[in-house]
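Below, each value reflects all heavy atoms present in this structure, side chains not excepted, and no hydrogens, waters or symmetry copies.
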Amino acid sequence: MSLTEFGVIEKYFAGLTPAGRGVMLGVGDDAALLAADAGSHLVVTTDSLVSGVHFFPGADPADIGYKSLAVNLSDMAAMGAEPRWITLALTLSEAEMNDDWLDGFARGLGQLAGNHAVSLVGGDLCKGPLAVTIQLIGECPKGREIRRSGANAGDLIYISGRLGSASLALAIFKSGQEPQPDCAGRLLRPEPRVELGVSLRGIASAMIDISDGLLADLGHLLESGSLGAVIDIDTIPVDTSLDRDCAPPEKWRHVLSGGDDYELCFTVAPAKQQDLERIGRPVYRIGAVTAERGIRCIRADGSDHIPDSQGYLHF
């Protein structure tokens, strides 16, 4: 099959630029022209997924397309921003240069883009080892973004959902077995919490998404203020599969340090608790911010849990 750069763009990706949403000029020119809403800041994030590092060689291309956008949407959610536009830099080897792979990838990407009314407005294609880089541009009303650096001692710590399932699924895949469908879905197709992130404007004092593990990412949130935290690990919601399939040390490694959850971790001042309750979304209080640095993990009986891992390291 003979494919050209412009042929691939026209056949698989041009349709991912819907009309409106501030797109003055999208796919097909040297650069895009975008119109931001008056009174808003632009919010920009970029993530790369590399074959053999972020997904298995031979993975379903639809899952790759979906997750490559999901991880960016999760960053946007953590800022309390609304996603608008993406650019895509796609490096393909000969194995991906076919209709089946390209159609699957575009379908997975397009499904999630459609769910969040995100437009593809440009990018690049080239040959090489399979890698996907997406830049996502969003908007947030000026002064309403939620940063990592706003927490204070005494703030309460919340998360948006279950932790550990994606890490467990990865371990099962690596062992040559197949995880349960729900567990696998948490790894392959995480659900970014964009709507929750927007609803937390003016309520959350600080926020981050959990991509590298709860302890690692909460640590990033706390470090700018030289703060610490006490976490009651028995309040963290987990799948029954973790209790069923994992010995306690392995279970807590997945929950606290495993990563790939793409849930939100955020802090709320006690005075804002009623505002949080009024948004009507399920969230889980797991601890509190302290003036003393370091993260202490305790059990419901008050005993200490000493983690054996802090989270994923990129280098």
J.: Does Leu196 belong to the same Ile/Leu/Val/Met/Phe/Trp/Tyr cluster as Met76, with side-chain heavy atoms less than 4.5 Å apart forming each link?
T.: no

J.: Compare every heavy atom of Leu136 with every heavy atom of Pro83, then report the nearest pair and how far apart it is.
T.: CB-CD1, 3.9 Å

J.: Once side chain to side chain donor-acceptor pair (under 3.5 Å) is applied, do any residues pair with Asp275, and if so which ones, sequence neighbours excluded?
T.: Arg278

J.: Heavy-atom count check: over 12 atoms from other residues, nucleotides or ligands less than 6.0 Å from Gln180 CD?
T.: no

J.: Under a 4.5 Å cut-off applied to non-hydrogen side-chain atoms, are Leu73 and Val118 in contact?
T.: yes

J.: In this structure, would Tyr284 and Leu276 fall into the same cluster of hydrophobic residues linked by side-chain contacts under 4.5 Å?
T.: no

J.: With a 4.5 Å cut-off on side-chain heavy atoms, are Ile233 and Arg299 touching?
T.: yes

J.: Could you name each residue pair satisfying salt bridge (charged side-chain N to carboxylate O under 4.0 Å, His left out) that touches residues 221-231, not counting sequence neighbours?
T.: none

J.: In Å, rounded to the nearest 0.5 Å, how long is the span from CG of Leu69 to CG of Leu88?
T.: 10.0 Å

J.: Tell me yes or no: between the side chains of Thr133 and Ser48, is some donor less than 3.5 Å from an acceptor?
T.: yes

J.: Has Asp103 got a side-chain atom pairing as donor or acceptor with Asp100's backbone, closer than 3.5 angstrom?
T.: no

J.: Hey, are the side chains of His254 and Leu242 touching, using non-hydrogen atoms and a 4.5 Å cut-off?
T.: yes

J.: Among Ile, Leu, Val, Met, Phe, Trp and Tyr joined by side-chain contacts under 4.5 Å, find the other residues sharing a cluster with Ile306 and list them by chain and number.
T.: none

J.: Which atom pair, heavy atoms only, marks the closest approach of Cys265 to Leu218?
T.: SG-CD1, 4.0 Å

J.: How long is the straight-line distance from CZ of Arg244 back to CG of Leu168, given to the nearest 0.5 Å?
T.: 8.5 Å

J.: Is Ser205 reaching over with its side chain to a backbone N or O of Thr267, donor-acceptor style, under 3.5 angstrom?
T.: yes

J.: Within this structure, what is the NE2-OG distance for the pair His54 and Ser68, rounded to the nearest 0.5 Å?
T.: 11.5 Å

J.: Could you tell me whether the side chain of Met79 reaches within less than 4.5 Å of the side chain of Ile146, counting heavy atoms only?
T.: no

J.: Check which hydrophobic residues are tied to Val230 through side-chain heavy-atom contacts below 4.5 Å, counting indirect links as well, and list them.
T.: Ile298

J.: Quick one: salt bridge (charged side-chain N to carboxylate O under 4.0 Å, His left out) pairs with a partner in residues 117-141, sequence neighbours left out?
T.: Arg84-Glu139, Glu94-Lys127

J.: What distance do Cys297 atom SG and Leu214 atom CG have between them, rounded to the nearest 0.5 Å?
T.: 7.5 Å

J.: Could you go through Leu130 and Phe55, starting from their C-alpha distance and side-chain angles, then the distance that decides it, and tell me whether this counts as side chain to side chain contact (heavy atoms under 4.5 Å, CB included)?
T.: CA-CA 10 Å; Leu130 176 60; Phe55 54 87; 3.6 Å; yes

J.: If hydrophobic clusters are built by linking Ile, Leu, Val, Met, Phe, Trp and Tyr wherever their side-chain heavy atoms come under 4.5 Å apart, do Leu188 and Phe56 end up in the same one?
T.: yes

J.: Is there a path of hydrophobic side-chain contacts, each under 4.5 Å between heavy atoms of I/L/V/M/F/W/Y residues, joining Val238 to Leu215?
T.: yes

J.: A side-chain contact here means heavy atoms from C-beta on lying under 4.5 Å apart; do Ile231 and Ile236 qualify?
T.: yes

J.: Sort and list the pairs that fulfil salt bridge (charged side-chain N to carboxylate O under 4.0 Å, His left out) and have at least one residue in residues 163-178, not counting sequence neighbours.
T.: none

J.: Is there a salt bridge (charged side-chain N to carboxylate O under 4.0 Å, His left out) between Arg193 and Glu191 once you walk through the steps?
T.: CA-CA 6 Å; Arg193 306 301 185 186; Glu191 185 56 46; 5.8 Å; no

J.: Minimum heavy-atom separation for Ala169 to Leu187, with atom names?
T.: CB-CB, 4.0 Å

J.: How would you list, by chain and number, every residue that makes a side chain to side chain donor-acceptor pair (under 3.5 Å) with Asn72, sequence neighbours excluded?
T.: none

J.: Going through the checks in order, is the side chain to side chain contact (heavy atoms under 4.5 Å, CB included) test met by Val268 and Asp155?
T.: CA-CA 5 Å; Val268 176; Asp155 285 359; over 6 Å; no

J.: Show your reasoning for whether side chain to side chain contact (heavy atoms under 4.5 Å, CB included) applies to Tyr262 and Val71.
T.: CA-CA 7 Å; Tyr262 297 102; Val71 300; 3.3 Å; yes

J.: Ile295 versus Leu222: any side-chain heavy-atom pair under 4.5 Å?
T.: yes

J.: Just verifying a value: how many Å separate Met207 CE and Asp217 CG, rounded to the nearest 0.5 Å?
T.: 13.0 Å

J.: What is the minimum heavy-atom distance between Thr290 and Ala153, and which atoms define it?
T.: C-CB, 4.0 Å

J.: Sequence neighbours left out, cut at 3.5 Å: what donor-acceptor pairs do the side chains of residues 34-45 make with other protein atoms?
T.:
unit_1 : atom_1 : unit_2 : atom_2 : d
Thr45  : OG1    : Asp75  : OD2    : 3.1

J.: Please determine whether side chain to side chain contact (heavy atoms under 4.5 Å, CB included) holds for the pair Leu120 and Trp85, giving the CA-CA distance in whole Å, both sets of side-chain angles, and the decisive distance to 0.1 Å.
T.: CA-CA 6 Å; Leu120 175 66; Trp85 313 289; over 6 Å; no

J.: Has the side chain of Asp234 got a donor or acceptor atom that lies under 3.5 Å from a matching backbone atom of Ala300?
T.: yes

J.: Quick one: ring pair (Phe, Tyr, Trp, His ring centres under 6.0 Å) pairs with a partner in residues 139-166, sequence neighbours left out?
T.: Tyr158-Phe266

J.: State, to 0.1 Å, how close Ala184 and Pro179 come at their nearest heavy-atom pair, and which atoms those are.
T.: CB-CG, 3.8 Å

J.: Kindly compute the distance separating CD1 (Ile157) from CD1 (Ile286), expressed to the nearest 0.5 Å.
T.: 6.0 Å

J.: Answer yes or no: is there a donor N or O on one side and an acceptor on the other, between the side chain of Ser74 and the main chain of Ala70, under 3.5 Å?
T.: no

J.: With sequence neighbours excluded, tell me which residues meet side chain to side chain donor-acceptor pair (under 3.5 Å) with Asp239.
T.: Arg162, Ser165

J.: More than 12 foreign heavy atoms under 6.0 Å from CG of Asp30: is that the case here?
T.: no

J.: Quick one: does any side-chain atom of Ser160 pair with a main-chain N or O of Leu264 as donor and acceptor, under 3.5 Å?
T.: yes

J.: Donor-acceptor check, side chain of Thr235 to backbone of Asp232, threshold 3.5 angstrom: yes or no?
T.: yes

J.: Are any side-chain N or O atoms of Glu96 and backbone N or O atoms of Ser93, one a donor and one an acceptor, separated by less than 3.5 Å?
T.: yes

J.: With ring pair (Phe, Tyr, Trp, His ring centres under 6.0 Å) as the rule and sequence neighbours excluded, what pairs involving residues 97-135 come up?
T.: Trp101-Phe105

J.: Can you name the side chain to side chain donor-acceptor pair (under 3.5 Å) partners of Glu292, sequence neighbours left out?
T.: none

J.: Side chains of Lys251 and Arg253: closer than 4.5 Å at any heavy-atom pair?
T.: no

J.: Do Leu163 and Glu263 touch side chain to side chain, with heavy atoms closer than 4.5 Å?
T.: yes

J.: Is a side-chain N or O of Ser257 found less than 3.5 angstrom from the main chain of Gly213, in a donor-acceptor match?
T.: no

J.: Apply the salt bridge (Lys or Arg N to Asp or Glu O under 4.0 Å) test between Asp260 and each candidate in Arg186, Arg189, Lys67; give the one that qualifies.
T.: Lys67

J.: Output yes when Glu82 and Arg201 qualify as a salt bridge under the 4.0 Å nitrogen-oxygen rule, no when they do not.
T.: yes

